[in-house]
Protein chains: 2
Amino acid sequence: MSSGSPKDEVSSGALHSTVLDTIGRQIVSGTLAEGHVLRLEQVQQQAGVSRTVARETVRVLESMGLVRSRRRVGIIVQPRSSWNVFDPLVIWWRLAGPGRDIQLRSLTELRIAVEPLAAAAAASNASAQDRERLVRLATSMRGHGEAGELEEFLELDIEFHTLMLTSSGNEMFAALTDVVAVVLRGRTTLGLMPRHPVAEALDLHEEVAHAVAARRAADAETAMRELLGEVRDAVVPHGV
Amino acid sequence: MSSGSPKDEVSSGALHSTVLDTIGRQIVSGTLAEGHVLRLEQVQQQAGVSRTVARETVRVLESMGLVRSRRRVGIIVQPRSSWNVFDPLVIWWRLAGPGRDIQLRSLTELRIAVEPLAAAAAASNASAQDRERLVRLATSMRGHGEAGELEEFLELDIEFHTLMLTSSGNEMFAALTDVVAVVLRGRTTLGLMPRHPVAEALDLHEEVAHAVAARRAADAETAMRELLGEVRDAVVPHGV
DNA sequence: TTAGCGCCAATGGTACTACGAATTGATCCG
DNA sequence: CGGATCAATTCGTAGTACCATTGGCGCTAA
């Protein structure tokens with residue numbers, strides 16, 4: 001366990017998920033290039049596991065679109081275009097590997113696309129207490145942000161956006177919570193954040209929260225779009 | 001094989017993917033409710049397969065977040081919130097089951113979020129021939145649309161949006177091509193499409209294409225947003 | 001009543017076997 | 001000499017039997 005995993009992942013059965021992790025990283029990082037052919041026997045020997053475990057691993061890898069196993073040929077590493085890039089594990093692996101900043105950019109663009117609509121949907125669908133909680137989170141963020149407490153600020157930021165996505169009532173949006181959390185964390189660890197959150201960001205978080213609380217969907221959407229506009233500038237310097 | 005599968009899915013090994021399909025559908029459709037506990041032995045008996053195959057199936061199901069297997073307990077069906085709703089198979093199953101229209105709505109909202117940004121990105125990043133091809137597709141769509149040839153129109157529509165997403169240069173967007181294709185197909189089969197595509201949609205497709213061709217990102221984005229605004233009205237009657 | 005111990009069922013993991021399919025190469029015929 | 005057919009090899013697929021591990025549940029004793 002060098003860098004952990006998104007959640008605890010698989011509770012008990014650590015064996016098969018270990019080798020899954022190993023091979024997954026290798027493929028995603030490009031160590032195992034597209035077209036490379038693995039053999040099942042090779043997998044079990046390198047990982048020191050039995051045939052059954054190796055097969056289970058390959059099956060999961062196959063369901064992620066990372067490999068494709070053909071009889072008499074072997075286990076063929078598939079091109080990036082057939083990967084399930086939305087799979088949490090795949091995202092995790094890519095963020096751990098070389099293409100980290102590229103991945104962060106893709107994910108940030110996805111955020112920019114989704115979150116404004118999520119905010120609008122939340123304004124329409126969120127429960128009263130969720131809407132109130134959003135406002136409280138925004139004010140807390142201002143407090144910790146102005147105090148320069150980046151750690152607490154980050155956690156609140158994550159909670160804010162997570163709650164926004166989950167309370168949108170759209171499960172596809174809600175499924176992106178982990179992604180957003182990873183992006184936010186990755187952004188700070190990569191040093192893409194100013195030491196103090198800019199005042200404008202603090203204002204916009206509150207603006208979004210208040211718009212959602214007042215069920216003004218259109219306002220929430222535009223405010224969120226502005227908010228993410230700054231994020232774009234930080235992560236994607238050269239326009240789109 | 002009652003209704004097929006997104007692609008050919010798994011080429012040769014049909015056995016494990018058959019039982020995967022069966023159980024997956026049952027969970028997604030709610031036949032196997034959240035918290036329901038399966039036992040591995042039960043799985044192999046019901047499907048009439050060996051332990052090995054049953055285990056592989058469970059592993060894949062687990063990687064999709066549909067189940068979680070714990071020792072001494074069994075295979076526990078997980079709540080919807082932990083499903084990988086972006087997994088192509090999960091999407092497929094949901095569209096085949098009862099929650100079909102809910103799923104279509106979620107996916108349509110996702111389209112509304114993503115495609116405008118994808119159009120903008122395509123305007124910046126697409127190759128010259130891709131941009132040209134988009135224009136030609138839009139004009140073809142007009143021809144077949146006005147002639148009332150829905151079949152051909154649908155295929156062109158799919159190709160148009162697919163090309164838009166792939167040429168955006170963002171792999172997360174590109175990964176949504178199958179989703180968009182499914183939504184478009186599902187929309188027509190559900191009878192949510194007018195018999196003749198409305199003239200405005202035809203205009204907007206051309207507008208988007210020309211904006212992308214001329215590399216006017218902002219125009220492409222707004223035109224695409226308008227285009228999808230109509231789609232929203234068709235699928236999501238009651239404002240978001 | 002409750003705290004702690006221990007049983008055992010159910011999954012996790014391994015090894016071995018048989019089978020089928022696809023590729024490759026060798027043979028045979030034109 | 002070239003092309004086509006057929007067989008052997010090789011690898012994934014499927015099945016079975018077996019041991020290891022663990023954690024929930026019941027039993028017992030204080």
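Naming: A, B, ... by sequence-line order, numbering from 1 per chain.
We find that CZ of A/Arg70 is positioned 10 Å from P of C/dT24, with the value rounded to whole Å. We find that CD of A/Glu56 is positioned 8 Å from C1' of C/dG12, with the value rounded to whole Å. Computed from coordinates, the B/Arg55 CZ to C/dT14 P distance equals 9 Å when rounded to whole Å. B/Arg59 has its CZ atom 17 Å from the P atom of D/dT13, to the nearest Å.
For B/Gln42, the CD atom is densely surrounded, since the number of other residues' heavy atoms within 6.0 Å is greater than 12. Counting non-hydrogen atoms of other residues, nucleotides and ligands closer than 6.0 Å to CD of A/Glu152 gives a total above 12.
Minimum atom distance to the side chain of A/Arg71 is reached by C/dA21, of the listed C/dA21, D/dC25, D/dA14. Considering only side-chain atoms of A/Arg72, the nucleotide from C/dA9, C/dG13, D/dT9 that sits closest is D/dT9.
A perpendicular orientation is assigned to the rings of A/His205 and A/His161, their planes being inclined by more than 60° (bins at 30° and 60°).
Within residues 34-53 of chain B, the residues having any heavy atom under 4.0 Å from DNA chain C are, by residue number, B/Arg39, B/Leu40, B/Arg51.
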Pick out the pairs of N or O atoms, protein on one side and nucleotides 5-7 of chain D on the other, that lie under 3.5 Å.
none

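A/Phe86 and A/Leu110 get closest at one heavy-atom pair: CE2-CD2, 3.7 Å. Minimum interatomic distance between B/Ile91 and A/Met172 (heavy atoms only, all atoms of both residues): CD1-CE, 4.4 Å. In terms of heavy-atom proximity, A/Val135 sits nearest to A/Ala213 at CG2-CB, 3.7 Å.
Considering B/Val28, B/Asp21, B/Ile27 in turn, B/Asp21 is the only one that fulfils the side chain to side chain contact (heavy atoms under 4.5 Å, CB included) rule with B/Arg25.
Put simply, the side chain of B/Ile158 reaches to within 4.5 Å of the side chain of B/Leu154, judged on heavy atoms.
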